[in-house]
Every structure is written in C-alpha cells, then in structure tokens.
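First the structure, in the form of structure tokens, and then the observations on it.
Everything numeric in this text was worked out from a predicted model, so none of it was measured. In each ligand, atom 1 is the first atom listed, and ligand 1 is the first ligand listed.
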Amino acid sequence: MAATLTVADLMHKPAVVVPTNITLAEASKVLDGNNVGAAAVLDESGQLRGMVSERDLLHSVGHGIDPSTTTVAEVMTANPVTLTVSDSVEDAMDIFRDRRFRHLPVLDDGQVAGILSIRHVVRVAHIEEVRPAGSAPPGLAPRGLEGVAVAETSVGDVRGEEGFFHYRGYNATELARRCSFEQVWHLLAEGELPADEQLRAFTTRAVEARVLPPGVAELLPPIAALPAYSPLMALRSAVSITGAALGSKPTLDIPAEETRRECLRMAAVVPVLLMRLHRHHLGMPPVDPDPDLGYAASYLQMLTGERPTPRAARALEQYLILTMDHGFNASTFTARVITSTGSDIGSALTGAIGALAGPLHGGAPSRALAMLDAIGTPDRAEEYLRREIGSGQRLMGFGHRVYKTDDPRSTLLREVATELGGPQVEFARQVEQTALHVLNELKPGRRLYTNVEFYAGVVMNSVGVPPDMFTPTFACSRTVGWTAAIAEQAANNRLIRPSALYVGPSAPRAMPEGYGAYAGGPERVRVEAGS
Ligand code: ACO
C-alpha cells in the first residue's frame, strides 16, 4: 500500500448523510439512490450523531422491526469511531480490522467530509495487509480465502455473529416458516417473492421443466449400475449429460432471459435425475414426477413411489428452503468461477456438485445420525460424548466456521423435527442438551452450538429419506441457489482469474545437461523410453 495515501484519497466524498428522524425505509432509498452501503446520521445542527448501514437496515427488518415507522436514530451506531482526512490508510485499516467496522465517517475540521468503506481500502491494498500480521506470506490471500470478499451479490448473505442469514434481504428462516418451496425459488430466480398470478405461471413452468430431455432417461441405468455407485457422483454425471442433451450454450452467447430459463429447467430436472438413478440402482422402476404435487411432495413421491403425508412433505419442504443458499460457499463460488469463463449452465452445475461432494462442504448429515445410533440410549450419552471429546474427536452436528451462536437453520429444524415427533426426535433433543453441556464444560469459550446437520438428519430420516440421500437432497435444494448465482454472474460478468504466489525453485532455471536442442519427435521419445 502506498505510504503516502491518506483517508482523504480513498473516501467517498461528499459523505451521504441522513437526518436522525428519517425512517429506515427512507434511509434505504437514500443508500440505494447513492449506491453506497452506509450514511452518516447528522442532527439538526449538522453534527455527526451516528452511522447507519445497509447491514443495520437488513438486521432490523430481519428482526421484525417495521421500516416504515422506525427511525434511523433507533438502529444507528451512535457516537461512531471517526477518522480524520489526514489519517493514514494503514491507521484506518487497523480500525477496520480491530473493531470490525465496514464504514467509518471521516471528519475535516469537525465536519463530516466523507465516508471510508473497507472496500475502498481493500481495493488499493495488497491483500496481505488486510489480514492480521503473520497469517500468510506477503502477496498471498488468507488460506481458504477466509474473510476475503471476492464478488458482489444480491442473492443473499450469512451473518454468523448474529446467527442470521437471508435470501435477497428476507430472513431465510421466516421464508421457510411462511412460504412454499416454489415461492422462495421464485424469489431467488426472479428477484422477488411472487404475487399469486406470478406464482401460478412460475409453478406451471417449473412443473413442465421436470420432463427429461430426449435421450437422457436411457443413459441413467448404466450410471446407476456402476460398481462404485454413489448418488452424488451419479447425479454429477447425469447433470452433465442433461446439459449436453439440452444443447446448453455458453452463457456468454445467450441473453439473460435465456440463461434464467435454462437455470429453471436444470433446477427442476435435478431431483428427477437423482430419484431415477436411486431407483434404478435399487432395481426399482422409476417414478415420474406428479404434476399435481409441489417440489417437496413430488420429491418424496419419486423416492418412495407413495404420495407423502402433507406433514412429511412440509417438513422436507422447510429443510429444502433452509438449504437453498448460504452465502458465498465453495460450491457457489465454483459455479460462479465456471460461469465467469462464459461456459454453459450444465458445466457450472456439474462443477458445483463436484465441490459439494467434498466432505468439508457437503459434509455428511448422516454422520450426526450415526452418532445418535452409536450412543443408542439417553443414559449412555454423557459418557459417550465425554469420551469422544476426550479422545480429540468432534461431535457431529456441533460447531460452525461462521456461526458463533445458534445456527438459525438448526433452530428451525429442531422445531420441524419436534412437530414430526417420534422417539428419535425426543432422543435427539436429550443428546443435544447433554452435548451442549459437555462442550461448554470441556471446550469453554469455543462457542460451539448445534449446527444444521444435527437435526437435518433427524428430519430427513423421519420423512423417509435414506442416509445416503441426505447430501444429494441438499444438492437438489442448493441447485436453486447455484442457478441464482450463475444467472447473477452471467448478467454482470468478468472472468474470475486470480493469481498464485509462486514458491518453487527460483526462475529462470538453467536446463539440465542433455537438453541443449530439440532432438526430434516421437521416435526420439521411444528411444529414450526404451533405454
Ligand atoms: N466437537 C468438539 N469440539 C469441537 C467441535 C465439535 N463439533 N467443533 C469445534 N471444536 C473445537 C475444536 O476442537 C477446537 O478446540 P481447541 O481450541 O481445543 O483446539 C475449537 O473448537 C475450534 O475448532 P476449529 O477447528 O477452529 O473450528 P472450525 O471453525 O474450523 O470448525 C467445523 C468448524 C468444521 C464445523 C467444526 O465445528 C466441526 O468439525 N464440527 C463437527 C462436524 C460437523 O458437524 N460438520 C457440519 C458443519 S455444518 C455445515 O458445514 C453445513
């Protein structure tokens, strides 16, 4: 970072300002209109009283606050930390890093002169200077890109400290409580929750899109018969074939409308592919999707061949909604990288499924269920859990990289599981209580809470999804998130092409003896190979 740079060089100026008594709805318009993430809040005499950010607005709305009657004074960060125009960018960076702010007001002679955003600084900074010192060599982003924002998105976000995630601004758990799969799918695919007529039209299109393209059905039985069959690997291959059968064109060459249409087609067809593969593998005839059933009910019917109870279908639907999207996770990033090359949607989804297949991402919700099986009875829980932690093992279904409070998905899935009822749910609740107590005692201060996987397995098991189909089920709902990300990337594309820090032998190196001149073609290779 250039040593001479000051905050004044980088800040957004003049500052976008709002009065203390403006409502959240009005403030939101001001932020949108100025295309900024935060505004300074000034009192009647023009003095700085606080800062209000897009995050504050989303957080408030996510917690049920009415944006049309609440004023910014009620939600702003009062008496914010300030910078002055002559502060160095390094000093500003220290504050961003230590205090975890994203925007800071900049004063000039006591008056608000601008707003510095962490983005302004990151844009000019070498990434290593944004990280805590010593965490990676100079020139290298943090391992795993942790904490590095690599794109802008309006699909959704995860706020781990708050235990909150949203889809296009709507609290995702509220959506799962109050909406159908198709309504939330429309929100992610089309940008807004649908009105009745829009929902009808969208649902009709989604049902029509479940039909496999010609030639694909015949290719599924051989995949399902592969000796090392696994549902997710088989689905990845089938999605690739389907993309080819649909004549999936490079997103670079098609208009946004066609990209969205194809995204819908692929998201609709993925559960059909998965269920056909599953039933072929078990030697059972495939079950066609019932056009009268919604996504979740149809999913269970294709799995079992029987019409599910409304309760089971709704429980699965809520799980599916909760797992449609979750920030810029590895598979979403993968889908976007592939799309950024201008490639086709089939390729992007095939890559995304490949990323999800890794145990560090798609994980194994079945492992939490396996832990319950291993414990067996409530009286054995404490001893089992203590022994696991004592021997350095992790309790499956607990802890999360991002959530350092209750994982909101686990909170809702616990409710869903409780509504489904049954002895396993009761048992799971007892084990959960014991696990939280034991973790708190043996791993104090680590902030380990129940994660999505603990009750996901219980819910899916209760509605008849077998353990080897847990992660593939997750892949189906996540296809909705992936396709939203693909459409977003394609609509505003720039090739994602980062660089790597070379750490091999110093270059250029002298060639070894005997490599003086090119010595011929294949014959020469054959001679050497035989010598
Ligand atoms: N059980 C016991 N201890 C744990 C657990 C756990 N489930 N999770 C973390 N810890 C402990 C670690 O041992 C470590 O303790 P230490 O300070 O004594 O070394 C401390 O908490 C911090 O652990 P990290 O490895 O830094 O945590 P990280 O953020 O990297 O891990 C993860 C997150 C991978 C989810 C972890 O909590 C875990 O392995 N959980 C169990 C597996 C699981 O449930 N995975 C599904 C996650 S949900 C999802 O990804 C969709």
Under 3.5 Å, side chain of R478 to main-chain N/O of M324, donor-acceptor pair present? yes
Reported OG1-to-CD1 distance for the pair T173 and I321, which is rounded to 0.5 angstrom: 11.0 Å
For ligand 1, which atoms sit closer than 4.0 Å to a heavy atom of G397? 43 (C), 44 (O)
If you measure every N or O of M396 against every N or O of ligand 1, does any of those distances drop under 3.5 Å? no
R178 and R314 have their tightest heavy-atom pair at N-NH2, 4.1 Å
Looking only at distance, does K443 have an N or O less than 3.5 Å from an N or O of ligand 1? yes
Just checking R446: does its CZ atom have more than 12 heavy atoms from other residues, nucleotides or ligands closer to it than 6.0 angstrom? yes
Can you list the ligand 1 atoms lying under 4.0 Å from a non-hydrogen atom of G399? 35 (C), 37 (O)
Once ring-ring contact (aromatic ring centres under 6.0 Å, His included) is applied, what residue pairs with a partner in residues 299-323 remain, sequence neighbours excluded? none
With a 4.0 Å heavy-atom cut-off (strictly under), which part of H400 contacts ligand 1: side chain, backbone, both or neither? both
Check the side chains of E488 and T153 for a donor-acceptor pair under 3.5 angstrom, ignoring hydrogens and angles. yes
How does D407 reach ligand 1, if at all, at less than 4.0 Å between non-hydrogen atoms: by side chain, backbone, both, or neither? neither
Are H400 and Y449, when compared by the centres of their aromatic rings, separated by less than 6.0 Å? no
Quick test of your reading of the structure: of I389, L442, L448, L385, whose heavy atom lies closest to atom 8 (N) of ligand 1? L448
Side chain, backbone, both or neither: L360 near ligand 1, heavy atoms under 4.0 Å: neither
Applying a 4.0 Å heavy-atom criterion (strictly less than), which segment of R401 is in contact with ligand 1: side chain, backbone, both, or neither? both
Output for pair (D325 CG, R168 CZ), nearest 0.5 Å, gives 9.0 Å
Going by the order shown, which atoms of ligand 1 are within less than 4.0 Å of some heavy atom of R446? 15 (O), 16 (P), 17 (O), 18 (O), 20 (C), 21 (O)
Under 4.0 Å from ligand 1, counting heavy atoms only, is it the side chain of E453, its backbone, both or neither? side chain
Step-by-step side chain to side chain contact (heavy atoms under 4.5 Å, CB included) determination, L193 to H186: CA-CA 6 Å; L193 283 169; H186 185 284; over 6 Å; no
Contact atoms of ligand 1, heavy-atom distance to L439 under 4.0 Å: 1 (N), 2 (C)
Check ligand 1 against V452 and write out every atom of the ligand that is under 4.0 Å from a heavy-atom position of the residue. 51 (C)
